[in-house]
Amino acid sequence: MLLACLALPSHAQVEPLRLDTALSIRERNFIGHLEAFHDKTGLLTREQVAAPPYQQQFETLANVFNGGYARGAWWVRFRIQASPEEVARPLEGGWWLRLNAPYADYIDVWWPDAEGGAGGGFVHRELGGMRAGSQRELPWSIPATRLPELRDTEPRWVWVRLAGDRSLSLAGGVSPLREQAVVQQELNYVDAAVTGMALLMAVVSLMMGIALPDRRFLAYAGYLFTLALLFASSEGLPAALWLQDDPRAAVRLHNFAVCLHTAAAFAFARVLLDMDRQFPRMNRVFQVMTLLCLAGCAIAIAGGYGRVARPLNMAWVLFAVCIVPMCAVALRRNLQAWPGLIGYAVYLMMGAMHFAKNLQWLPYTLVTQSSYAIGSILHIMAFFFALGWRVRQRERRALSLSLRHRARLARRVNERTHDLRQEIAQHHRTHDQLALALREQRGLLAMVSHEFRTPLGTIGGSAQILSDERLGLAREEVKREAEKIGRTVFRMRDLVDTLLADEWLDASSNNLHLAPLELAVFLREKIEEHNEGMAGGRISLQLDARELPVLADETLMHIAMDNLLTNAIKYAPPHSPVRVRAGIRRCRADGFPEGDAIPGVCIQVCDEGPGFMPQDLTHVFERFYRAAGVRRIPGIGLGLHMVHRIATVHGGSVVAANGASEGAVLTLTLPLLGSAEPAPARDAVALPMAVHGGRR
């Protein structure tokens, strides 16, 4: 989803982060305020990325930043703005920039100096895992730096450069010092809770493994020790406590912990599930993966973690995909395996979310970021319960065996007979379940075949009737069958044409053929074309200006107007009028000073259909979006999405609203060509502004 957002160009400036104590911490975080640019070379300076052409390549992020494992460097920028109250009475202790980038090796921050004027200098701060913690302004695990006191309310740009071999992400915001301390304290509580729980359970498991003895407890103790090391190093505890002046060792310790814990996870899974006995083939695979992860430990210590980071994350995802089905198979063989299944299902699914986030398969959210910690706490308890349950069951089995040895031979024969009957009954139940599954599979295949063959069957049957000369069909019967074929073919062709049109628009949106176009003549011809077709003369045109010159791609304008008119006809009641109104109005453009506006050509299409529901207005122009109330009407939700894209590439806009009484109002606005002036005041009636929204 993040890659899709970065692929779509966004040129609107984001809102600045306001230094205002009246705002909550959520309102002062980075979400919706960031722009990002990927420097593949990693050699660009701040002055270079701040100048054309790199400045135009920054893309607006809808969420926080997640760059994954990327070569080079990422540049992230945002604006800060002081409130009038902050300018009048600066906050005691100042404002702090909170940069939650736990796996970034190098973080460089620039902001304008206190003067902040044009040509003024920039203040530079160096943070990140590879920078000494003792040199930070706050020796905490969350990198933070104090912002200067702003003397006015003018927005100022802040630039952040992220680089390193580990997963690159950035969250945070601006906070007072006390709020910054609270956030750090909450993070320390979570880290201490997970690390302490892992260490405590590791010691208990080690003692139980020595006392019993049981190799599963010993393997679990080693696994928990590596988990505690991983959590402590992931949140920068070694760097904040005893490796402040040796950040390289702290980073390599974290990389080593990731590889070591991955190897321990594969090894512990082999022991817990008795893979050498139950899954001999997968046991060999897990042995190889364990050795590869141990080799990755040596590579991480040597400083080559960037070469094994992606394969290591993919190994975790593969681990999650393989281990849960094996637990399910073990559960079928032994019902006592259910605690282990629950532990692996929770932990590995949450871990897969975390590592999929690192691989940019999932967006960076609070759930994906915290999933690993939540899954770790739950699976520690589940696995310990599973091992204890195993010990308890072993004791019960020993007691039962002792009782059976004292029983008479006849009782043992009866028990064996009873066991055989249970096995036979289990086989019968399994056979019945298999037969039921086969019947359900055949029913599913029959249903899918019927649904997919219905339109083609209609076409084939009607065509066969028309081609059979022996039937001697009358002209009306031939016409009726031909119309049936035509409707079915038109429906299938319409779906294919719509999908092809959207794909063609993707390819041609960056290669426009702009030429002067007189929209007044164009609209008359287009409406006449639709009135002679399916509209049946329902469309009327009102021109509020004598001339409507624009610079546009005529082919794309045909697509846009066809979709607008077809949409109105489709959703309006039969025989109801569709009104098209075009004129010239002055539009306020983004980035213009207050009171400055440019002339534009405005086209409104009004129908008397059901209009838009309030919850649909913000989604109408999304690809494949369809409102719940109109899903029975044929369509796939691409028409208005294409209109929105065509308007955007022409420098215009399209908005949606509901009419004064009923029906939908769609307004397409394009920049006016040259210095053409609107018609006299008595003709150029101001068109009403519509509310921004989406489409059915």
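We're numbering straight along the sequence, starting at 1. FYI, side chains are in, hydrogens and waters are out, and symmetry mates aren't considered; it's all heavy atoms of this structure.
Under the 6.0 Å distance and 45° angle rule, R46 counts as a cation-pi partner of F122. Within the cation-pi definition used here (under 6.0 Å to the ring centroid, within 45° of the axis), R77 does not qualify as a partner of F37.
To the nearest 0.5 angstrom, H124 atom NE2 is 3.5 Å from D108 atom CG. Here L34 contributes atom CG and N63 contributes atom CG; the two are 9.0 Å apart, rounded to the nearest 0.5 Å. Once rounded to the nearest 0.5 Å, the distance linking CD of Q57 with CD of E35 reads 12.5 Å.
Within the structure, the side-chain hydrogen bond (donor to acceptor under 3.5 Å, both in side chains) test picks out the following pairs touching residues 248-258 (sequence neighbours left out): R166-H254, S234-H254. The salt bridge (charged side-chain N to carboxylate O under 4.0 Å, His left out) pairs that include a residue from residues 16-30 are R18-D20, R28-E179, where partners are two or more places apart or lie in different chains.
L99 has its side chain within reach of V109: a pair of non-hydrogen atoms, C-beta onward, lies under 4.5 Å apart. Inter-residue side-chain proximity for Y305 and V251 is flagged as unmet; no heavy-atom pair is nearer than 4.5 Å. Residues I80 and P155 form no side-chain contact, since every pair of their non-hydrogen atoms from C-beta on lies 4.5 Å or further apart.
By the side-chain hydrogen bond (donor to acceptor under 3.5 Å, both in side chains) test, E92 pairs with no residue at all, sequence neighbours left out. Shown here are the side-chain hydrogen bond (donor to acceptor under 3.5 Å, both in side chains) partners of D165, two or more places apart in sequence or in another chain: there are none. Listed by chain and number, the residues in a side-chain hydrogen bond (donor to acceptor under 3.5 Å, both in side chains) with E154 amount to none (sequence neighbours excluded). Every side-chain hydrogen bond (donor to acceptor under 3.5 Å, both in side chains) that E86 has, sequence neighbours left out, goes to W95.
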For side chain to side chain contact (heavy atoms under 4.5 Å, CB included), just list the numbers for L44 and Y54, CA-CA rounded to whole Å, side-chain angles, deciding distance to a tenth of an Å, and then say yes or no. CA-CA 10 Å; L44 296 178; Y54 299 110; 3.7 Å; yes
Could you walk me through whether F30 and F65 pass ring-ring contact (aromatic ring centres under 6.0 Å, His included), step by step? CA-CA 9 Å; F30 286 153; F65 168 74; over 10 Å; no
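In terms of heavy-atom proximity, A104 sits nearest to I107 at CB-CG1, 3.8 Å. Heavy atoms only, all atoms of each residue included: R161 and G42 are closest at NH2-O, 2.8 Å. The heavy-atom pair separating A232 from T195 by the smallest distance is N-OG1, 4.0 Å.
Exactly one residue among W159, W75, W74, W157 makes a ring pair (Phe, Tyr, Trp, His ring centres under 6.0 Å) with F58. That residue is W159.
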